[in-house]
Amino acid sequence: MTTHAPQAAQAVTLPTTLDEAVAALTAMPAAVPVAGGTDLMAAVNSGQLRPAALVGLGRISEIRGWQYQDGHALLGAGLTHARMGRPDFAALIPALAAAARAAGPPHIRNAGTLGGNIASAAPTGDALPVLAALEATLIIAGQGGARREIPVSHLLAGVEMLRGGELIGFVRVPLLHAPQVFLKATGRTGPGRAAASVAVVLDPARRGVRCAVGAIAPMPLRPLDAEQWVAQLIDWDNDRALVPEALQAFGEYVAAACIPDPVPEPDGSVVPLPPAVLHLRRTVAALARRALGRALS
């Protein structure tokens, strides 16, 4: 048996500021930025990627913490899952902390970063449905110290893309000071890749419910009609009460919106969903029902 080592990168640059990293990427268009490397190095080791150069982001201290800003939390893209899973962060953004704790085994949580989760845009990324439900905004660092903002949903959907030399610097998240829940189902026991995940966030100031479903599509799905429907049934003035029947219906509503029934054939017949898809829809319904129930309790 023989093993084949992946081709080594030709150059490695280790900037200490965000603007230095942008300058390095601009000077070397073929370079690939790397922070935790949990996805990138897996691709390199499997031979799927042969980077000509690497720009390491691990020494950029400005993107490894967070700060408060006008009712928002400004999260550095270099925050690790392990750091976001700690109690002080959980008190700030509970659903994102829960997603970080569910991101995988300790060595993945210690290395993987928030920015990497977003840039990789893997459908199973645990932080993605939470950021979609929170309607987070990305602050993109560009050449010459330029900064621009785009909704995280626009990047994940491909509506707006990162330009040459740009990096995700920060994530701005509104602080709602209200219950929020993240749940996921995996194909095996213990931390693992999500088969389906759901984030539910309450917005009492607007008397609204935000929900995002992850892992079942290339990007998180927002069942907007289900959100609006259930928000009208919640008694916001009486401990956010909701009848159990409505909770059950919400789960079914979310699941049907994200995994709809097949379109009828020209002759009017309908081909049933395969058993595996029906199971996935039941899983999404259960996750959405439980997440909203926990948020309201």
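In this structure, Ala122 and Leu128 approach most closely via the heavy-atom pair O-CD1, 3.3 Å. Nearest heavy atoms, Ala82 versus Asn110: CB-OD1, 3.3 Å. Here the shortest heavy-atom pairing between Cys211 and Val198 reads SG-CG1, 4.0 Å. Counting all heavy atoms, side chain and backbone alike, Ala132 lies closest to Pro220 at CB-CB, 3.9 Å. Glu166 approaches Arg163 most closely through the heavy-atom pair OE1-N, 2.8 Å. The two atoms that bring Ile63 and Gly169 nearest to each other are CG2-O, 3.5 Å, heavy atoms only.
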Check your understanding: Is there a salt bridge (charged side-chain N to carboxylate O under 4.0 Å, His left out) between Asp126 and Arg109 once you walk through the steps?
Key -> CA-CA 11 Å; Asp126 291 318; Arg109 299 197 305 273; over 6 Å; no

Point to revise | Criterion side chain to side chain contact (heavy atoms under 4.5 Å, CB included) on His81 and Asn117, from CA distance to verdict | key: CA-CA 10 Å; His81 298 304; Asn117 213 213; 4.2 Å; yes

Check your understanding: Between Phe182 and Arg101, is a side chain to side chain contact (heavy atoms under 4.5 Å, CB included) present by the stated rule, with each step listed?
Key -> CA-CA 10 Å; Phe182 170 81; Arg101 289 192 293 266; over 6 Å; no

Point to revise | Criterion side chain to side chain contact (heavy atoms under 4.5 Å, CB included) on Leu292 and Val254, from CA distance to verdict | key: CA-CA 11 Å; Leu292 181 58; Val254 170; over 6 Å; no

Practice item. Start with the C-alpha gap between Ile140 and Leu155, add the side-chain angles, then the distance that decides, and say whether side chain to side chain contact (heavy atoms under 4.5 Å, CB included) holds. Key: CA-CA 11 Å; Ile140 309 300; Leu155 181 68; 5.6 Å; no

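To the nearest 0.5 angstrom, Leu167 atom CG is 5.0 Å from Leu25 atom CG. Distance CD/Glu135 to CG/Asp203: 8.5 Å, rounded to 0.5 Å. Rounding to the nearest 0.5 Å places CG of Leu131 at 6.0 Å from CG of Leu114. Put simply, CD on Gln67 and CD on Glu62 are 10.0 Å apart, with the number rounded to the nearest 0.5 Å. Between the CZ atom in Phe170 and the CD atom in Glu149 there is a gap of 11.5 Å [rounded to 0.5 Å]. Taken from OG1 in Thr283 to NZ in Lys184, the straight-line distance is 14.0 Å, to the nearest 0.5 Å.
Under a hydrophobic-cluster definition in which Ile, Leu, Val, Met, Phe, Trp and Tyr are linked whenever side-chain heavy atoms come within less than 4.5 Å, directly or via other members, Leu224 and Ile216 are assigned to different clusters. Both Ile93 and Tyr68 are part of a single hydrophobic cluster, where members link through side-chain heavy atoms under 4.5 Å apart. Linking ILVMFWY residues whenever their side-chain heavy atoms come closer than 4.5 Å, directly or via other members, leaves Leu156 and Met161 in distinct clusters. At a threshold of 4.5 Å between side-chain heavy atoms, the hydrophobic network of Ile, Leu, Val, Met, Phe, Trp and Tyr places Val22 and Val12 in two separate groups.
Side-chain contact between Val55 and Val32 is absent, with no heavy atoms from C-beta onward closer than 4.5 Å. Taking 4.5 Å as the limit, every side-chain heavy atom of Leu18 sits out of range of all side-chain heavy atoms of Leu57. Side-chain contact between Asp237 and Arg207 is present, with heavy atoms from C-beta onward closer than 4.5 Å. Residues Val213 and Pro129 are not in side-chain contact: their nearest non-hydrogen atoms beyond the backbone lie 4.5 Å or more apart. Leu176 is listed as a side-chain neighbour of Leu134, based on a closest heavy-atom distance under 4.5 Å. Residues Arg294 and Leu183 are in side-chain contact: their nearest non-hydrogen atoms beyond the backbone lie under 4.5 Å apart. Within the 4.5 Å cutoff, side-chain heavy atoms of Val209 are placed close to those of Leu202. Leu138 places a side-chain heavy atom less than 4.5 Å from the side chain of Ile118.
In this structure a side-chain-to-backbone donor-acceptor pair under 3.5 Å is missing from Trp236 to Arg206. Of the possible donor and acceptor atoms, one in the side chain of Asp235 sits under 3.5 Å from a partner among the backbone N and O of Asn238. Judged purely by atom type and a 3.5 angstrom limit, Ser120 uses its side chain to pair as donor or acceptor with the backbone of Gly116.
Asp70 and Arg172 are not joined by a salt bridge, as no carboxylate oxygen comes within less than 4.0 angstrom of a charged side-chain nitrogen. Salt-bridge check for Arg148 with Glu160: passed, with a basic side-chain N closer than 4.0 Å to an acidic carboxylate O.
Checking Thr17 against Asp19 by side-chain atom types alone, no donor-acceptor pair falls below 3.5 Å.
No more than 12 heavy atoms of other residues, nucleotides or ligands shown are found within 6.0 angstrom of CZ on Arg59. By the 6.0 Å contact criterion, CG on Asp239 is open, its count of non-hydrogen atoms from other residues, nucleotides or ligands being 12 or less.
Among Gln232, Arg222, Arg210, the one residue that satisfies the side chain to side chain donor-acceptor pair (under 3.5 Å) test with Glu227 is Arg222.
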